[in-house]
Amino acid sequence: MRAHERHRIAWHTELAARVWDEFDDATLRRAAAQTLPVQAYYAVFSAARAVSAVAGSPTDTHRKLHDDFESQRVRRAAGPWAVTFAGDPEKVAECRLAPAICTMTAYNPMELHRDPAEYLAAAPPDDAQVKIESAGLDWLSKKKRPNGQPYKSLPAKGREILARLRRTTVMDFLYELRRRTNYESVDEYGSDADDAAVERFHRGLLYLADSGLLLYETQMAQYAGVQAYTDAVTEWTSSVKRMGPWSGDAVLRRLTAIRQVVK
């Protein structure tokens with residue numbers, strides 16, 4: 001699949017997430033909340049696939065794209081996408097945020113009136129714990145004691161391996177949110193949260209999708225050339241205009257920003 005086609009998939013996925021903005025109905029927004037993490041993640045995921053293709057190393061797996069983001073893209077990112085987390089979440093004092101947007105503290109993310117940076121800092125540790133547990137189980141399943149018996153817990157060597165896991169990013173957070181929505185529980189989406197809380201959730205995920213797409217689209221324009229990228233945007237926005245004048249607004253807004261910085 002060509003990079004151009006992968007990017008069209010990203011834009012269509014984002015478009016589906018933004019439909020509820022056009023209707024601006026609290027009930028519809030509440031009903032759509034459960035699918036929004038899926039759409040937000042896959043919009044960015046498809047854009048990442050497009051960039052990997054145009055960069056000459058096409059990949060379609062979540063793990064490889066997450067590794068590529070942490071090793072190659074995060075240093076060019078801005079806002080929440082620039083933040084990385086390292087360390088064992090169970091040892092908060094030893095954890096590291098880069099950049100250091102706030103002091104790491106243990107608190108319930110459901111609390112209200114925290115600083116936005118604290119909410120952002122609370123997201124990666126949860127996903128880091130998932131990675132650590134998964135890597136630990138993988139290690140235990142493959143390693144044996146010198147006498148051939150399985151390990152029942154991680155020895156010091158195993159814990160050292162876990163300590164070298166790559167940093168956790170917002171890409172990991174969005175993936176984990178999508179995974180839990182698809183496979184574990186939707187109870188929170190049927191909660192009695194008030195309309196304002198549902199709208200904040202909606203706006204927050206759209207912001208993550210928008211800023212993640214801007215990151216990858218900027219790199220797409222750098223790889224393919226601004227004019228080629230502009231032509232692709234023009235073609236796609238023309239193809240969806242029957243949905244309404246709003247349908248291409250987000251993509252066109254990002255194109256305007258990209259043309260100011262990529263020459």
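No hydrogens, no waters, no symmetry mates; every other heavy atom, side chains included, goes into these values. For this chain, numbers begin at 1 and follow the sequence in order.
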Partners passing ring pair (Phe, Tyr, Trp, His ring centres under 6.0 Å) against Phe69 (at least two apart in sequence or in another chain): Trp81
Pairs satisfying ring pair (Phe, Tyr, Trp, His ring centres under 6.0 Å), at least one member in residues 230-263, at least two apart: Trp11-Trp236, His12-Trp236
Pairs meeting criterion salt bridge (Lys or Arg N to Asp or Glu O under 4.0 Å) with involvement of residues 225-245, two or more places apart: Arg8-Glu235
Pairwise salt bridge (Lys or Arg N to Asp or Glu O under 4.0 Å) hits with a residue in residues 31-46, at least two apart: none
Side chain to side chain donor-acceptor pair (under 3.5 Å) partners of Gln260, counting only residues at least two apart: none
Plane angle bin for Tyr41 and His66 - parallel if under 30°, tilted between 30 and 60°, otherwise perpendicular: perpendicular
Parallel, tilted or perpendicular: ring planes of Tyr42 versus Phe45, cut at 30 and 60 degrees: perpendicular
Short side-chain to backbone donor-acceptor contact, Arg76 and Ala82, under 3.5 Å: no
Counterpart residues, salt bridge (charged side-chain N to carboxylate O under 4.0 Å, His left out), relative to Asp249 (two or more places apart): none
Partner residues of Arg259 under the salt bridge (charged side-chain N to carboxylate O under 4.0 Å, His left out) criterion, sequence neighbours left out: none
Residue pair Ser46 / Ile9: nearest heavy atoms and the distance that separates them: OG-CG2, 3.5 Å
Counterpart residues, side chain to side chain donor-acceptor pair (under 3.5 Å), relative to His202 (two or more places apart): Asp21
For Asp68, all residues meeting salt bridge (charged side-chain N to carboxylate O under 4.0 Å, His left out), sequence neighbours excluded: Arg73
Salt bridge (Lys or Arg N to Asp or Glu O under 4.0 Å): pairs with one or both residues in residues 208-228, sequence neighbours excluded: Arg18-Asp210, Asp210-Arg253, Asp210-Arg254, Glu217-Arg254
For Glu70, side-chain contact (heavy atoms from CB on, under 4.5 Å) partners two or more places apart: Arg166, Arg167, Thr169
Test side chain to side chain donor-acceptor pair (under 3.5 Å) applied to Gln72 - qualifying residues, sequence neighbours left out: Arg75
